[in-house]
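Accompanying notes for the structure given below.
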Amino acid sequence: MKEEEKRAEYLYIHIPFCRRKCDYCGFYSVPIAGEDVGRVLGAMLKELEGDAAREQGSSRTVEQVKTIYVGGGSPSCLGTEKLTEFLQAVTQRVGISQEFTVEVNPGQVDYEMLRRLREVGVNRLSIGAQSLTNSELNYLGRGYKADKVYEAYEQGRRAGFENISLDVIFGLPGTQVEDWQKNVQKIVELKPEHVSAYSLSYEEGTKLYRQKEEGEVQEVEEEVQRQMYEATIDILEGAQIKQYEISNFARQGYECQHNLAYWSGKEYLGIGPGASSYWGGRRWSNVKDTVGYLAAVEQGASAAAESVKLSAEEIACEAAVLMLRRTRGIERGEYGRITGFDIERLFAEPIGRCQKMGLLEVDERGVRLRREARAIADTILCDFAAL
């Protein structure tokens with residue numbers, strides 16, 4: 001099959017439409033306040049149709065996809081009508097996918113929105129809970145209390161969602177291992193199908209980063225964070241919510257197929273301001289600024305702010321780093337099919353060194369991180385980022 005005829009199977013839609021920048025993480029740094037939301041959504045549909053992607057070197061078809069993931073932190077801030085109308089327009093173009101995920105903020109949803117999401121084909125709900133403890137939610141500036149998380153979860157179930165994921169954060173300043181264990185136990189009691197647990201990050205330019213730099217807050221000690229991470233694995237796996245990636249846990253059969261595509265080195269397309277794509281051996285990211293994004297798409301040009309053609313070796317390095325994030329690690333046959341390289345020959349030195357340090361398991365199936373190495377995975381993955 002020619003490259004221009006390849007079908008995009010994994011679609012990411014980035015909706016950074018929150019109307020304020022979050023002091024905690026700075027994530028909603030592309031505000032749409034004062035702009036025409038309908039105009040931006042229309043541009044995203046135009047990009048989806050392919051009119052704005054041809055400068056990347058190949059056209060592509062998206063008549064039917066395996067997964068759609070609608071993220072950006074808080075797509076639910078669009079409100080019920082705008083969000084569901086937009087998603088319906090998306091499915092008219094690409095069909096109903098096998099896995100259709102939408103991220104929601106507990107403070108922005110109600111039963112009617114969730115019911116409408118199910119009606120348009122969304123079958124996986126990702127709730128940005130962050131915590132089930134009021135003091136922690138207040139610290140994070142979330143604007144809602146824990147009961148709102150419980151309410152959003154219950155409404156999701158009532159709306160017919162049988163696949164719900166909860167996103168949570170550990171390692172908040174002043175918290176102890178016992179505090180986090182209580183949080184995880186509360187999560188278990190809700191019985192979600194999927195959990196994503198991340199350690200608190202201090203992003204440059206945020207209020208939290210400034211407070212840390214000025215000594216107003218103290219980062220939780222590395223050893224305490226490690227213990228929190230280990231507790232997460234133990235408690236969730238004890239409830240049959242098993243780890244399948246460094247930060248992700250699921251009941252059997254409920255692993256996020258969209259994210260697994262990323263970690264397996266598969267191609268995907270991103271739509272919207274700030275969205276990233278990997279297609280035809282090329283990576284690109286769209287303009288983050290909505291004004292620049294609109295100017296490009298409405299003129300039928302590429303919205304990419306930067307585009308890089310990867311060499312065979314760069315593709316092999318990226319695949320190794322991504323696959324090692326999975327608990328099953330790098331499988332020899334899969335890696336060879338995707339990259340054309342033998343993993344042990346290509347990375348003989350770091351594999352040998354990490355194996356001697358007790359950080360990697362190597363057998364006939366492939367290479368994977370040992371459990372005790374997952375807490376320091378970022379350090380190990382750096383050894384596979386370049387040849």
Side-chain angles (χ1 to χ4, degrees), residues 24-25 103-107 125-154 156-157 163-203 208 211-212 217-252 254-256 259 325-327 358-359 369-380:
Y24 144 62
C25 64
E103 293 180 348
V104 298
N105 181 317
L125 195 65
S126 179
I127 300 176
Q130 313 311 349
S131 175
L132 291 173
T133 301
N134 286 335
S135 59
E136 294 182 6
L137 288 169
N138 183 60
Y139 182 87
L140 293 172
R142 298 306 291 180
Y144 55 81
K145 296 186 181 297
D147 59 359
K148 192 62 181 174
V149 179
Y150 286 100
E151 182 181 6
Y153 183 89
E154 184 277 329
R157 290 298 193 203
N163 189 353
I164 298 180
S165 177
L166 295 176
D167 282 16
V168 289
I169 298 172
F170 64 89
L172 274 63
T175 58
Q176 302 298 321
V177 176
E178 294 76 15
D179 300 320
W180 176 242
Q181 288 174 322
K182 291 176 183 177
N183 244 322
V184 182
Q185 290 289 0
K186 293 175 184 177
I187 293 167
V188 166
E189 290 168 8
L190 280 175
K191 299 182 180 179
E193 283 70 37
H194 189 282
V195 176
S196 296
Y198 306 98
S199 62
L200 179 65
S201 59
Y202 294 79
E203 300 293 335
L208 191 58
Q211 289 177 327
K212 181 175 76 75
V217 298
Q218 296 293 321
E219 236 179 311
V220 173
E221 292 180 4
E222 189 174 306
E223 174 57 23
V224 175
Q225 291 198 49
R226 187 194 66 77
Q227 291 177 22
M228 289 178 173
Y229 181 70
E230 294 292 339
T232 307
I233 299 173
D234 289 337
I235 297 172
L236 291 180
E237 293 202 344
Q240 300 303 306
I241 306 174
K242 297 186 177 181
Q243 187 177 30
Y244 69 100
E245 190 269 347
I246 290 171
S247 301
N248 287 272
F249 306 77
R251 298 188 188 279
Q252 186 173 356
Y254 288 93
E255 298 82 1
C256 179
N259 287 337
R325 293 189 62 88
R326 309 177 305 187
T327 55
L359 302 174
L369 294 174
R370 296 177 65 88
R371 170 174 163 160
E372 50 268 36
R374 295 173 196 165
I376 57 169
D378 287 347
T379 302
I380 301 168

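The figures here come from the full heavy-atom set of this structure, side chains too, leaving out hydrogens, waters and symmetry mates.
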Study note, to complete from the structure: Between Val168 and Ser131, the two heavy atoms sitting closest are CG1-N, 4.4 Å
Min side-chain heavy-atom separation [X]-[Y] under 4.5 Å:
X	Y	answer
Tyr198	Ile246	no
Phe170	Val184	no
Val224	Val177	yes
Met228	Thr175	yes
Tyr139	Gln130	no
Pro173	Leu200	yes

Output the distance between atom [atom1] ([X]) and atom [atom2] ([Y]), rounded to the nearest 0.5 Å.
X	Y	atom1	atom2	result
Leu236	Lys242	CG	NZ	12.5 Å
Asp167	Asn105	CG	CG	11.0 Å
Glu219	Leu172	CD	CG	11.5 Å

Check your understanding: Does Glu223 CD have over 12 foreign heavy atoms under 6.0 Å away?
Key -> yes
Exercise for review: Start with the C-alpha distance between Lys182 and Thr133, add both sets of side-chain angles, then the distance that settles side-chain contact (heavy atoms from CB on, under 4.5 Å), and finish with yes or no.
Suggested key: CA-CA 9 Å; Lys182 291 176 183 177; Thr133 301; over 6 Å; no
Point to revise | Gln185 versus Glu189, side-chain donor and acceptor atoms under 3.5 Å | key: no
**Study point:** Arg374 and Gln243 side chains, donor-acceptor separation under 3.5 Å
**Key:** yes
Sidechain N-carboxylate O distance under 4.0 Å for [X], [Y]:
X	Y	value
Arg157	Glu154	no
Arg251	Glu193	no
Glu136	Arg142	no

Sidechain-backbone polar pair: [X] side chain, [Y] backbone, donor-acceptor under 3.5 Å:
X	Y	answer
Tyr254	Phe249	no
Asn183	Leu132	yes
Tyr153	Leu190	yes
Asn134	Lys145	no
Arg226	Ala375	no
Gln225	Val220	yes

Practice item. Might you work through the side-chain contact (heavy atoms from CB on, under 4.5 Å) test for Asp378 and Arg325, ending with a clear yes or no? Key: CA-CA 9 Å; Asp378 287 347; Arg325 293 189 62 88; 4.2 Å; yes
Review point. His194 pairs by side-chain contact (heavy atoms from CB on, under 4.5 Å) with which of Asn248, Asn259, Ile164?
Key: Asn248
